[in-house]
Asker: 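Supplied in structure tokens, the structure appears directly below.
Counting from 1, the numbers follow the sequence of the chain as shown. Both backbone and side-chain heavy atoms feed into the values below; hydrogens, waters and symmetry mates do not. Remember, it's a predicted structure, so these values are computed and weren't measured experimentally.
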Amino acid sequence: MGIANVISLLGGIALFLFGMSLMGDGLKSVAGDKLELFLWNLSNTPIKGVLLGAVVTAVIQSSSTTTVMVVGFVNSSMMSVYQSIGVIMGANIGTSATGWLLSLSQISGDDNIWISLFSTSTITAVVALIGIVLWMFSKSQTQHHVGGILLGFAVLMYGMNAMSDAVSPLKESETFQQFLTTFENPLLAILMGVVITSVLQSASAAVGILQALSATGTITFAAAVPIIMGIGIGASVPVLFSAIGAKRDGKRTAYTYLIINVIGTLVWSVIFYALNAIFDFSVMSSTVNSVEIALINSVYRILMVAVLFPFIKQLEKLSAILVKPSAEEAAAPSGGKPAGDDALDEGFTNSLEDRFIPHPTLAVEQSTLAMRDMASRVKTNLYRATLIMREYSSEEYEEIQATEKIIDRYEDRIGAYLVKITGREMTDAQNKRVSSFLHTISDFERIGDHAVNLSKAAQEMHDKSIKFSKSADDELDNIMCAVNEIVSTSFAAFSGFDISVAYRVEPLEELIDILCDKAKLHHIERIRAGECELVHGFVFNNIMTDLERIADHCSNIAVALIELEENISDTHEYLTNLRNAKTHSFQQYFDEYENKFGF
């Protein structure tokens, strides 16, 4: 085997890896944008976890990718270590599906023209032609992804054939055959499987190379079995790398992948070689082909899961022994969260995992949860602020200030995360949702700022013993009730992406503007009449301004939602037409709110 063969082999491996990646991405896209969410939402029991882990891994063609996602789930507290173990076991089974696909390379034609039409090379060429047509000329996104799948399959098969052709001279090499006999030593063979997979970062690729070598007719059953066992262990390397920087449970999940494969290898090595010592399996010296390697790979992984499945709780405990809490986690309060300023990290921002960025469905879903949590905190803070306007409490005041710090942290983290997501290919629905988030996150933060302003006005009124007249109090109460309602309405529209609810916001916003203007004029009259002092006027006007600004931001939230749904390009024109034409029951909603809050 000369230098040209080595270069061809490396080229074949490159094509193989690229084809597998391309095909996996296409399959995942065509399978739907809910694939990862199914894995998260439906893996609540071990048996479901095994089944879903196997299916998802078979689709995306990588147990490492599935397990890295699971590490992200656990690291963000979306999944427990116990739940993750079933998924990891399923991923071990699902990754064997690629071997069966690669075994198609054994199909070949002969001199019969009809049989040659169904050879691998012919089928691959046809698939490549169809794939490139769909990839280049189709306007449908689904058909484009199908083209990617077909091209990925074709590239993968060409890579597989290139590897087989590159190593074919080895079947005549006595040196290579003598070298292979060393792999009949199980320990050396397992080690070789670990090394190859660690370098390639893919169990499927390692199995593919073994299948390519089997075309030389020199790979025996005795060598194939332990190499496949070692491949399982080596596949844990990229998962362990992904856990760098993860929290305790995320690291435990990554170690579980290694534990499962190491224990599985130990258990089945003892069982298999003990039985071989007793019964002397004649098959050990037989050579294996690509199909038989795929069969050995699948059977071994299924048997490994069957043996370890009843011991999931014990595996969880073992991972806890291997990964101790860090000094910071050990010193944390009983809730497991660090004390001090880091306590501001609690909440759904913990679920904004960078590990989810390559999976936009998960990333967008986690952003949605974080945005809803941010909205809930803003709404609660505003409600607290309106309460202490009526009855001041220093404890509530401090709570408002502390929550505002969390809200600011949410804006920073979610904003940075959304920018990362925009660099990924997403569906139209996902693009709309991310655009909506980018439009509204600053509005949430500004509403929080105005809630803080209201709390400071309440503190000033308390410290200076400022009391408004009864008519001023009545007007202020009315407007605060209207503002709380517009916040609840706009936030409900946002959380549910409900356009019908969003249409109710603008009429109420216009009413609040009118009410605030009327209240300011009335207050000037009260000052002139001596019912209120001049200092009261400054405080009252500031409160009205904050309430009016809150309503404006609620309008922005609702309009951003409507714009994305109706593809509106000019917001100003839209709002003008909305008010003038009284569309979408604008007048009906306005009259309804005026009867409720007007004065």
Side-chain angles (χ1 to χ4, degrees), residues 16-17 19-32 34-43 45-73 79 83-104 149 152-153 156 193 197 200-208 210-211 228-229 231-239 242 253-254 256-261 264-265 293-309 312 315 358-359 361-362:
F16 175 87
L17 292 172
M20 189 166 61
S21 175
L22 185 62
M23 186 171 63
D25 290 344
L27 281 166
K28 185 172 65 175
S29 299
V30 172
K34 301 296 183 185
L35 188 67
E36 296 97 337
L37 293 182
F38 282 141
L39 184 62
W40 166 35
N41 291 325
L42 302 181
S43 57
T45 63
I47 188 65
K48 286 183 182 178
V50 170
L51 295 174
L52 285 166
V55 171
V56 171
T57 304
V59 170
I60 64 178
Q61 303 280 297
S62 173
S63 60
S64 299
T65 301
T66 302
T67 307
V68 168
M69 280 195 293
V70 172
V71 170
F73 290 147
M79 184 184 286
Q83 286 176 289
S84 72
I85 295 174
V87 180
I88 291 169
M89 288 180 172
N92 264 304
I93 295 174
T95 194
S96 65
T98 309
W100 289 101
L101 186 65
L102 297 175
S103 65
L104 294 174
I149 295 170
F153 172 80
L156 181 146
T197 313
L200 294 176
Q201 303 276 290
S202 170
S204 297
V207 171
L210 186 62
Q211 287 176 300
I228 287 172
M229 290 180 177
I231 286 171
I233 298 174
S236 64
V237 171
V239 179
S242 77
T253 303
T256 300
Y257 189 86
L258 175 64
I259 291 168
I260 288 171
N261 282 285
T265 297
I293 288 175
L295 178 62
I296 294 168
N297 190 31
S298 293
V299 170
Y300 165 67
R301 291 175 181 275
I302 291 170
L303 290 176
M304 178 176 64
V305 170
V307 168
L308 296 178
F309 185 80
I312 288 180
L315 291 170
H359 312 280
T361 301
L362 288 175

Asker: Is there a side-chain contact between M89 and I312 (heavy atoms, below 4.5 Å)?
Answerer: yes
Asker: Tell me the closest heavy-atom pair linking L295 and W100, and the distance in Å.
Answerer: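 For L295 versus W100, the nearest heavy atoms are CA-CZ2, 3.6 Å.
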Asker: Ignoring hydrogens, what is the shortest heavy-atom contact between A235 and A203? Give both atom names and the distance.
Answerer: CB-CB, 3.9 Å
Asker: Return the OG1 to CD1 distance between T265 and I228, rounded to the nearest 0.5 Å.
Answerer: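 So the gap between those two atoms works out to 11.0 Å.
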Asker: What's the separation between atom CD1 in I296 and atom OG in S96, rounded to the nearest 0.5 Å?
Answerer: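 If we round to the nearest 0.5 Å, I296:CD1 and S96:OG are 12.5 Å apart.
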Asker: Quick one: are I260 and I88 in side-chain contact, heavy atoms under 4.5 Å?
Answerer: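 Side chain of I260 against side chain of I88, heavy atoms only: contact under 4.5 Å found.
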Asker: Please name the pair of heavy atoms, one in G264 and one in L308, separated by the smallest distance, quoted to 0.1 Å.
Answerer: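 Closest approach of G264 to L308: N-CD1, 4.1 Å.
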Asker: Identify the heavy atoms of A91 and S63 that sit nearest to each other, and give their distance.
Answerer: O-CB, 3.5 Å
Asker: Measuring only between side-chain heavy atoms, which start at C-beta, is T67 closer than 4.5 Å to T57?
Answerer: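 T67 vs T57: side chains apart.
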Asker: In this structure, which one of L17, T95, N297, L102 forms a side-chain contact (heavy atoms from CB on, under 4.5 Å) with S204?
Answerer: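 Option passing the side-chain contact (heavy atoms from CB on, under 4.5 Å) with S204: T95.
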Asker: Please test T197 against V237 for side chain to side chain contact (heavy atoms under 4.5 Å, CB included), starting from the C-alpha separation and ending with a verdict.
Answerer: CA-CA 8 Å; T197 313; V237 171; over 6 Å; no
Asker: Apply side chain to side chain contact (heavy atoms under 4.5 Å, CB included) to the pair I293 and V207, showing each step before the final yes or no.
Answerer: CA-CA 8 Å; I293 288 175; V207 171; 4.2 Å; yes
Asker: Rounded to the nearest 0.5 Å, how far does CD1 of I85 lie from CZ of F309?
Answerer: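 Result: 10.5 Å between the selected atoms.
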Asker: Looking just at side-chain N and O atoms, do Y257 and S84 make a donor-acceptor pair shorter than 3.5 Å?
Answerer: no
Asker: Counting C-beta onward and ignoring hydrogens, is there a side-chain heavy-atom pair between F153 and L101 closer than 4.5 Å?
Answerer: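 They are in contact (side-chain heavy atoms under 4.5 Å apart), so the answer is yes.
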Asker: Roughly how far, to the nearest 0.5 Å, is the CZ atom of F73 from the CG atom of L362?
Answerer: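 Result: 4.5 Å between the selected atoms.
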Asker: Nearest heavy-atom pair of I149 and M23: which atoms, and what distance?
Answerer: O-CG, 3.8 Å
Asker: Got M69 and V56 here, is their nearest side-chain heavy-atom distance under 4.5 Å?
Answerer: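 With C-beta onward as the side chain, the pair touches.
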Asker: Where do Y300 and N261 come nearest, in terms of heavy atoms and distance?
Answerer: OH-O, 4.2 Å
Asker: With side chains defined as the heavy atoms from C-beta onward, is the minimum distance between I233 and L258 less than 4.5 Å?
Answerer: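 Yes. Closest side-chain heavy atoms under 4.5 Å.
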Asker: Show the numbers, then the answer: is there a side chain to side chain contact (heavy atoms under 4.5 Å, CB included) between Q83 and V70?
Answerer: CA-CA 9 Å; Q83 286 176 289; V70 172; over 6 Å; no
